[in-house]
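Presented below is the structure to which this report refers.
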There are 2 protein chains.
Amino acid sequence: MRDATLRDVALLAGVSARTVSNVVNGYARVSERTREKVERALLELNYRPNVLARNLARGRSGQIAVVVPYLDTPYFAELLQAIIPRAREHGYNVLIDQTDGDAAHERELISRGARAFLFDGMIFSPLGLAQEDLVEIDPDLPLVVLGERVSNGVFDHVGIDDVEASRAATAHLIGLGRRRIAAIGDQPYPTGEAAQLRTRGYRQAHADAGLPVDESLIIPTPRFNRADGSGAMRALLGREDPPDAVFCYSDLVALGALHTALELGRRVPEDVALIGYDDIEEGRYSNPTISTISPDKVAIAATAVERLLRRIGDDEPMPGIEVRAEHRLIPRESTVGKPFAARPHLGGT
Amino acid sequence: MRDATLRDVALLAGVSARTVSNVVNGYARVSERTREKVERALLELNYRPNVLARNLARGRSGQIAVVVPYLDTPYFAELLQAIIPRAREHGYNVLIDQTDGDAAHERELISRGARAFLFDGMIFSPLGLAQEDLVEIDPDLPLVVLGERVSNGVFDHVGIDDVEASRAATAHLIGLGRRRIAAIGDQPYPTGEAAQLRTRGYRQAHADAGLPVDESLIIPTPRFNRADGSGAMRALLGREDPPDAVFCYSDLVALGALHTALELGRRVPEDVALIGYDDIEEGRYSNPTISTISPDKVAIAATAVERLLRRIGDDEPMPGIEVRAEHRLIPRESTVGKPFAARPHLGGT
DNA sequence: CTGAAAGCGCTAACAC
DNA sequence: GTGTTAGCGCTTTCAG
């Protein structure tokens, strides 16, 4: 049997479609008697509004898109986990897409998706697209960008202060007495802005401490994953003058680096200390556990959704703003060692 | 400026909406001349079909829902990663939802979502819902269930042979000479069918080897995550007669157990060997790496999507079938030790 | 407070 | 081949 439509309900209740609609959506005041009649009919026919029709009539899709480069990157998975319930609270469904960092795909989504009424707005974590590409987006598309870009005034941007966080991470290593500190994850090309901010913080920490930067210790990697960290670490440890500490641009990189360091017989942190970035759960269970920069993901998710819905709600395009979420440094075993184990102190001068 | 509609294009091209629709959708044959005219108009107006309107007219939503308990569980993330491109190939968008294992939420999705035209079909990995709950679903909802349930004939089911995989995992440990083998992850209640299948395989391996099962070594856990594995391992190692091997019902459980074993000063695999389940990437980078049961996720994803689309396409409800995906056991360091390290052999009698 | 009716933009009989 | 047109099911303006 076909599902009941609004009209069926109206017929049964002996009222017009308009009134049923009012009841269903809680719009205008409906008299007590009418409401009861309608509600009985609603129940009897087990009515469910057809979302498609509703949205067509309303001129919106009721969905927001969340676009990330990779779904199986724990950081994004954890972020999504926080975004979905927030969106749902506000009656929005979440359409997820992964771009694999493909610039064409990212551009396509930005230019077509919203216009096709696939979604009303988008939370976007760009990878393939450089800052300059983002200026060409449709200013009518409600957009919130996550991560390390800076708003250009047309979309909102939410992220942490990457330069400062990276500076703090590097300073933490310096404070522990490390002097040859490598950095894994630089991306010295236009789409690598995220990485470059971290490199900047790394340099700044060195400058603050009056330490020179050995450029050969800054290792570029195509992505921020385990394999990248592993490969870079292997190269670093193969040198005659290996580093005594490494600032990794993601926890995944740190985990890959850790794996390889141990495999090659190095002790962590005694021989080489490691700090990551993102604070994914995995880093709390590795052996040793990974020190990290912890961005406030819940706040990022909540802010992103809140800003996006506000943009969707406003007809006038509103100027893009910049939101800084909190972050903190969490020292764990990969820099400060096991809590109760007796081991030589490496810190101090 | 408002976006161009089909009608605008028709007007400009001097044809009817019908013809434009034909061109856009590649339906009936259109004469070369007309097609050209239309395509020029299409381009000139930069036309994009309104998906909402199209779907309303077609009576479908063009979306499939993928419902998993937790998005930040690597196994699900990896599965989703494989599902999304498959669905997209066929022109479907993927709506993702996480239920947190909440039975009410799961039931709600099953009963309402499709009827509201939110999605045309659903790939579902149930957690809160017991097998018996699934029989009550709308037989008209195209549904593919993932994981450890068995099809009841109304929906399709795709998964691996859990009993056999679990038997093999346990037999692997027995073959290495282990005799006191614990199992972490049992769930002796109606919604724990997944876990129970694994326990069954565990028992079977013991029976095959003529070994008794120490019931106190079967540790139930509420979920399959790191914290569960860690807690269970702590309890096991606190006993006077600790196990010399553990079969963990997920890699996450194994990773948590590993963390705690090392923390308590045990050597893995010398003192206690560990095997997991799922083959998530994390297990290939842990120290030591985790032996595991590897389900063919790509095949599972492809099969699930393919079956679902077939069900969506068929008007007649088709009988649910059972699809078994491949799996294999991957021995890694957590059972067989480091490849080149000199260490005492524990195998043999 | 409620009814009638005009769309939302597209698809797909049904004609010609 | 192509045009006409009646919906898809809901929202919402305009009357009353």
Side-chain angles (χ1 to χ4, degrees), chain A residues 1-39 41-42 45-63 91 112-118 120 315, chain B residues 1-39 41-42 45-63 91 112-118 120 315:
Chain A
M1 192 194 83
R2 224 186 73 273
D3 274 350
T5 73
L6 200 61
R7 206 240 225 36
D8 297 331
V9 178
L11 247 45
L12 179 60
V15 299
S16 79
R18 167 69 209 250
T19 302
V20 179
S21 179
N22 281 344
V23 171
V24 171
N25 296 296
Y27 274 178
R29 267 203 297 283
V30 179
S31 77
E32 202 44 51
R33 275 198 61 238
T34 320
R35 143 162 292 119
E36 265 181 28
K37 267 195 314 196
V38 172
E39 277 174 347
L42 245 24
L45 293 176
N46 189 22
Y47 172 77
R48 302 273 170 259
N50 178 322
V51 180
L52 241 39
R54 163 179 294 175
N55 290 337
L56 176 59
R58 283 184 179 165
R60 43 153 260 178
S61 71
Q63 305 192 133
R112 294 185 112 135
R115 296 202 33 225
F117 283 84
L118 261 177
D120 301 326
D315 293 327
Chain B
M1 193 194 83
R2 222 185 75 270
D3 273 350
T5 72
L6 198 62
R7 207 238 224 39
D8 297 331
V9 178
L11 247 45
L12 178 61
V15 299
S16 77
R18 169 68 209 252
T19 302
V20 179
S21 178
N22 280 345
V23 171
V24 171
N25 297 296
Y27 275 177
R29 267 204 296 283
V30 181
S31 79
E32 202 44 50
R33 277 197 60 241
T34 321
R35 144 163 293 118
E36 265 181 30
K37 268 196 315 198
V38 172
E39 276 174 347
L42 245 25
L45 294 177
N46 189 20
Y47 172 76
R48 301 275 170 257
N50 179 321
V51 180
L52 241 39
R54 164 179 295 175
N55 290 338
L56 176 61
R58 282 187 180 161
R60 42 153 260 179
S61 71
Q63 305 192 134
R112 295 186 112 135
R115 298 202 31 225
F117 281 86
L118 260 177
D120 301 327
D315 292 326

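Numbered from 1 within each chain, the chains take letters A, B, ... in sequence-line order.
Using a 3.5 Å distance cut-off with no hydrogens or angles, the side chains of A/Asn50 and A/Arg54 do not pair a donor with an acceptor.
D/dC10 atom C1' lies 15 Å from atom CZ of A/Phe117, rounded to whole Å. In this structure, A/Leu45 places its CG atom 15 Å from C1' of D/dG9, rounding to the nearest Å. The interatomic distance linking A/Asp3 (CG) with D/dC8 (C1') rounds to 14 Å, in whole Å. At whole-Å resolution of the value, CZ in B/Arg115 and C1' in D/dG9 are 14 Å apart. Distance B/Asp120 CG to D/dC8 C1': 14 Å, rounded to the nearest Å. Atom CZ in B/Arg33 sits about 13 Å away from atom C1' in D/dT2, given to the nearest Å.
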Derivation of the side chain to side chain contact (heavy atoms under 4.5 Å, CB included) call for A/Thr5 and A/Asp8: CA-CA 5 Å; A/Thr5 73; A/Asp8 297 331; 3.5 Å; yes
Residue pair B/Arg48, B/Asp3: steps toward the side chain to side chain contact (heavy atoms under 4.5 Å, CB included) verdict: CA-CA 8 Å; B/Arg48 301 275 170 257; B/Asp3 273 350; 5.8 Å; no
Side chain to side chain contact (heavy atoms under 4.5 Å, CB included) evaluation trace for B/Glu32 with B/Arg35: CA-CA 5 Å; B/Glu32 202 44 50; B/Arg35 144 163 293 118; 4.1 Å; yes
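Applying the side-chain hydrogen bond (donor to acceptor under 3.5 Å, both in side chains) test to A/Arg58 and every residue at least two apart in sequence or in another chain returns A/Asn25. In this view, B/Val15 and B/Ala13, B/Thr19, B/Val20, B/Thr34, B/Lys37, B/Val38 satisfy the side-chain contact (heavy atoms from CB on, under 4.5 Å) rule, not counting sequence neighbours.
Proximity of residues 5-13 of chain B to DNA chain D (heavy atom under 4.0 angstrom from any strand atom) is not detected for any residue. Taken residue by residue, residues 49-59 of chain B places heavy atoms nearer than 4.0 Å to DNA chain C at B/Pro49, B/Asn50, B/Ala53, B/Arg54, B/Ala57, B/Arg58.
Looking at every heavy atom in both residues, A/Tyr47 comes nearest to A/Ala4 through CD1-O, 3.4 Å. B/Asn55 and B/Gly62 make their closest contact through ND2-N, 4.2 Å (heavy atoms, listed as atom of the first residue, atom of the second, distance). Minimum heavy-atom separation, B/Leu6 to B/Ala17: CD2-O, 4.0 Å. Minimum heavy-atom separation, B/Glu39 to B/Val23: CG-CG1, 4.1 Å.
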Dump every N/O contact between nucleotides 14-16 of chain D and the protein below 3.5 Å, one line per pair.
none

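To the nearest 0.5 Å, atoms CG (A/Leu56) and OG (A/Ser61) are separated by 11.5 Å. Rounded to the nearest 0.5 angstrom, B/Ser16 OG and B/Leu11 CG are separated by 11.0 Å.
Looking at which nucleotide of DNA chain C each of A/Thr34 and A/Ala17 is closest to, the 5′-most match is held by A/Thr34. Place B/Val20 and A/Asn25 on DNA chain D by their nearest nucleotides, and B/Val20 ends up nearer the 5' end.
Between B/Thr19 and D/dT2 there is no side-chain N or O to OP1 or OP2 distance below 4.0 Å. In terms of phosphate contacts, A/Ser21 brings no side-chain nitrogen or oxygen within less than 4.0 Å of OP1 or OP2 of D/dC10.
In the helix from C/dC1-D/dG16 to C/dC16-D/dG1, the terminal helix axes, each the rotation mapping four pairs' C1' atoms onto the next four within five end pairs, subtend 30°, rounded to 10°.
Among the atoms of the strands shown, only primed sugar atoms or phosphate atoms (P, OP1, OP2) are found under 4.0 Å from some heavy atom of A/Val15. Among the heavy atoms of the strands lying under 4.0 Å from A/Ser31 are primed sugar atoms or P, OP1, OP2 only; no base atom is included.
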